[in-house]
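Please read these numbers as outputs of a predicted model, since none were measured by experiment.
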There are 2 protein chains.
Amino acid sequence: MVMRNSDELDPAKRDIMEATYDAITNTGYSDLTIQDIADEFDRSKTLIYYHYDGREELLVDFLDYVMKQFRTMLPDSAESPQEELETLIDTLLPTTVEEEPFQVMLAMFELRVNAPYDTNCRDQYLAVEDELNTLLVDILSRGVENGEFENIDPETEAELFVSLLIGTRARRLTVYDPEESIASLKEAIQYHIERITATSEGNA
Amino acid sequence: MVMRNSDELDPAKRDIMEATYDAITNTGYSDLTIQDIADEFDRSKTLIYYHYDGREELLVDFLDYVMKQFRTMLPDSAESPQEELETLIDTLLPTTVEEEPFQVMLAMFELRVNAPYDTNCRDQYLAVEDELNTLLVDILSRGVENGEFENIDPETEAELFVSLLIGTRARRLTVYDPEESIASLKEAIQYHIERITATSEGNA
DNA sequence: CCATATATACTAACTATTTCGTTAGTACTT
DNA sequence: AAGTACTAACGAAATAGTTAGTATATATGG
């Protein structure tokens with residue numbers, strides 16, 4: 001057995017995770033079978049059972065894998081809080097349908113349906129939303145401090161943004177054709193960001 | 001065959017829809033089988049096949065049924081636009097876990113996962129979101145006209161509210177224990193409503 | 001008005017199909 | 001020789017869907 005950083009997955013498991021992504025993208029989570037995953041996996045179905053006791057155990061790992069990828073996507077701090085906020089929005093609501101961010105977004109959307117029935121799942125979502133919230137509180141506080149943002153309450157405003165982002169991501173996946181732009185949804189957010197951005201009185 | 005208004009369902013079908021609600025509440029949509037529905041249904045499984053060709057046909061009707069109930073929930077116009085807006089928020093985000101509104105909310109959340117793969121489903125969500133949007137545009141426009149709201153853009157603000165509501169409903173179901181209050185999520189919305197509400201300058 | 005045909009709502013029991021998960025084994029490494 | 005990564009083939013279980021029927025109501029018609 002090769003020694004491995006606990007953050008790294010066994011390469012076979014990693015490939016199973018990738019196959020699961022592909023299966024979800026094609027079939028959707030709601031009628032996802034081990035067979036569907038095996039079909040996207042270039043080794044045998046038995047190997048999936050060799051690594052995982054069953055669907056449930058696999059999905060625990062998969063949820064973890066997805067959440068890790070989501071965290072990786074989150075941008076590092078930028079020049080100014082306002083830029084940072086806009087980068088975050090653009091990252092979480094990509095206009096173009098690039099492979100990876102789209103698959104992560106879809107998987108996070110689909111797996112969420114387990115949360116009402118599965119404590120582990122609920123906790124995972126609670127944790128990432130908390131991280132997102134913390135990130136937003138930080139951005140917003142700094143923005144208020146340096147005068148870029150109006151005198152908003154960062155805690156409450158962050159909570160608002162988290163809900164808004166989750167709702168917009170859901171709508172982006174379900175109500176528009178994947179290829180169609182989500183311009184009108186993003187415009188609404190942009191409109192809101194401008195509202196909380198301090199109007200620099202130097203520029204008339 | 002008894003003549004029936006096209007809006008009314010065959011009583012047996014109605015009972016199947018109710019059983020489907022119960023099955024989703026217990027099992028979740030993602031691994032919902034006809035058997036699960038039959039278990040919640042007090043007549044035989046065969047009767048489900050007598051009325052529906054299969055799971056897919058049943059779910060088309062069920063989505064319809066859920067959407068109709070959602071529309072029924074939407075409140076009628078109230079005294080003032082601001083009150084109307086707050087009533088709408090309270091209706092869509094009930095604090096108490098009453099049976100019916102909760103089941104409708106859960107079903108709408110769970111069935112949404114089909115939208116990326118099913119045009120009919122996507123269209124249904126697009127249509128209700130459009131109705132919600134129209135309702136909000138109407139409330140907001142009247143509020144701006146009569147001076148209750150700040151000079152916001154009703155179209156954009158409505159879009160913002162739709163995303164915010166969908167996101168908050170999702171979080172309400174997935175991140176909090178059903179019994180736990182959603183106070184902090186609703187507070188954020190309340191905070192936002194107050195922000196767009198005109199400060200009556202007569203009150204100092 | 002009675003007998004018979006037809007239709008509707010429903011069921012138990014069965015078959016077919018899919019999906020799950022195991023067994024018994026290979027090939028390659030250490 | 002012992003362990004790891006892997007597979008084809010098979011058995012078990014769950015799910016889907018059908019068949020062949022019953023009970024009851026509603027005509028039809030002599």
Determine yes or no for a side-chain-to-main-chain donor-acceptor pair under 3.5 angstrom, with Asn133(B) supplying the side chain and Glu129(B) the backbone.
-> no
Rounded to whole Å, the CD1-P distance (Ile48(B) to dT18(D)) equals 14 Å
Examine Lys13(B) relative to Tyr52(B) and say whether NZ or CZ is less than 6.0 Å from the centre of the six-membered ring and inside a 45° cone about the ring axis.
-> yes
Would you indicate which nucleotide in dC20(C), dA16(D), dC6(D) comes nearest to any side-chain atom of Tyr49(B)?
-> dA16(D)
Nearest whole angstrom, please: distance from the P of dG21(C) to the NE2 of His51(A).
-> 17 Å
Can you check ring pair (Phe, Tyr, Trp, His ring centres under 6.0 Å) on Tyr21(B) and Phe62(B), steps first, answer last?
-> CA-CA 9 Å; Tyr21(B) 260 127; Phe62(B) 184 65; 5.1 Å; yes
dC6(D) phosphate, OP1 or OP2, under 4.0 Å from Tyr50(A) side-chain N/O | no
Of the nucleotides dC6(D), dC10(C), dT19(C), which has the atom closest to the Leu47(A) side chain?
-> dC6(D)
Sidechain-backbone polar pair: Asp36(B) side chain, Thr33(B) backbone, donor-acceptor under 3.5 Å = yes
Could you give the CD-to-P distance, from Gln35(A) to dC20(C), as a whole number of Å?
-> 8 Å
Could you run through nucleotides 12-17 of chain C and give me one letter per nucleotide, 5' to 3': B if any protein heavy atom sits under 4.0 Å from the base, S if only the sugar-phosphate is that close, - if neither?
-> BB----
Counting only N and O atoms by type, is there a donor-acceptor contact under 3.5 Å from the side chain of Arg122(A) to the main-chain atoms of Val175(B)?
-> no
Report the distance from atom CG of Asp15(B) to atom P of dC10(C), rounded to the nearest whole Å.
-> 9 Å
Using whole Å, report how far CZ of Arg55(B) lies from P of dG17(D).
-> 10 Å
Can you check the Asp31(B) CG to dT18(C) P distance for me, whole Å?
-> 20 Å
Do Glu157(A) and Arg195(B) sit within salt-bridge range, that is, some charged N less than 4.0 Å from a carboxylate O?
-> yes
Protein-nucleotide distance (Tyr52(A), atom OH; dC6(D), atom C1'), rounded to Å = 16 Å
Glu56(A) CD to dT19(C) P, straight-line distance once rounded to whole Å | 19 Å
Does Lys68(A) come within less than 4.0 Å of Asp64(A), counting only side-chain N to carboxylate O?
-> yes
